[in-house]
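For reference, positions follow the sequence shown, starting with 1. Whatever order the structure lists ligands and atoms in, that order sets their numbers, starting from 1.
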Amino acid sequence: MLKLLTNAEVYAPAPLGRNHILVAAGKIIWMGQRLPKLGPELEVEVCDLGGQRLIPGIIDGHAHITGGGGESGYSSRVPPLPLTRFTRDGITTVVGVLGTDDITRHPVALLARVRGLCEEGLSAYCHTGGYHLPPVTITGSVRGDIVHIDRMIGVGEVAISDHRSSQPRFDELLRLASEAHVAGLMTGKAGLVHLHLGDGERGLEMVRRALDTTELPARVFNPTHVNRRRALFEESLDLAERGCTVDITAFPVEDDEDAWSAEDALLRYLEAGLPPQRVTVSSDGGGCLPVYNSQCELVRIGVGDPGALVGCLQTLLRRNAPLELVLPAFTANVASLLRLGGKGVIGVGADADLVVLDGDARVRDVMALGRWHLRGGKTTIRGSFEEAES
Ligand code: ZN
């Protein structure tokens, strides 16, 4: 059935004013400021948005969709995230990763979860590998996985400057980046090395060295968690200037921590006058948030929440940041880095991944590939085995 969304205040992410949008077969097929003439033979569901803001579906470029964790015994393995953990908070596209535990978890299971989420109506992708080298793969190589497996778009999260990393050598990192880069060239996929940055003082030194001494393009190196230490964040700004896209994580930050909250980090990035398209925000949802003492013993552990993304957006709006300024980091920038055509934007030909925000920037309605998953704040599509809300 055709769906006509009327009176939407469109942020595409650029502000386009009041528009009507026609959706068919999972795509936006028409958009304009005057109502289209549709013949009576067409069955059309009309939804008047009454001037509410309509934004592209949020793209979470880093989530542990199988559940992450495992750093504190087998019982600390986080369970898989169900569909509505994404859709209820406006996420319509997700990229799954493996982290510390890439041994009791495997890219095969990650890929199966990706396919499961796709069957349930989300757009889902993943990276091959995990924290460690040699990377765990399905076909025997990173290049093979990205070239042969439709949903695999890069490798990661590969850990550097972290006590949980496999302490990769510089030449090992280069080999990995070359595999991802060449696979990206062959397929048109992202072909990235998505780098988990730990708290280590070495920070992004290896990435700088790679840019200084090799032919590899900067876009291939995609560091995440760059806001976890303030000095690391400064390093990441230099890399953004040189062509890397840096990923901020929306994890909770205490006032006395040597970290920037995602809101602070994004505003700092944008105020630094760096290319506005080279910054993204991801959730680390389903990953564990461990705190270690000086002997790398676990002190406490939490779990990342995909909803932290829209929470971050809401905080930014409360702080009077213009929506069009901050929205690309959650949508268009992610799509362009990950080479996801038709994602992250509102326009004719784009996928119908749409989120309606109410006056308080709460997620009111969510459409993924033309299907409503949330209407008026209520879930309309649940994942398999998800309990109905009472
Ligand atoms: Zn990580």
**Study point:** side chain to side chain contact (heavy atoms under 4.5 Å, CB included) partner of His127, chosen from Ile153, Leu110, Asp145
**Key:**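 It is Ile153, the one option of Ile153, Leu110, Asp145 that forms the side chain to side chain contact (heavy atoms under 4.5 Å, CB included) with His127.
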Point to revise | Centroid-centroid under 6.0 Å between His194 and His196 rings | key: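 No; His196 has its ring centre 6.0 Å or more from that of His194.
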**Study point:** Residues forming a side chain to side chain contact (heavy atoms under 4.5 Å, CB included) with Val348, sequence neighbours excluded
**Key:**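 If we apply the side chain to side chain contact (heavy atoms under 4.5 Å, CB included) test to Val348, skipping adjacent residues, the hits are Met31.
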Review point. Should the pair His225 and Phe251 be assigned to parallel (<30°), tilted (30 to 60°) or perpendicular (>60°) ring geometry?
Key: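 It falls in the tilted class, 30° to 60°.
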Check your understanding: Are Arg209 and Phe170 in a cation-pi contact, defined as NZ or CZ under 6.0 Å from the six-membered ring centre and within 45° of the axis?
Key ->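 Cation-pi check for Arg209 and Phe170: passes.
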Review point. Ignoring water, what protein N, O or S atoms are under 2.8 Å from the Zn ion (ligand 1)?
Key: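 Metal shell, protein only: Glu157 OE1, His196 ND1, His225 NE2.
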Practice item. Mind running side chain to side chain contact (heavy atoms under 4.5 Å, CB included) on Leu309 and Asp89 for me, showing each step along the way? Key: CA-CA 8 Å; Leu309 285 183; Asp89 290 313; over 6 Å; no
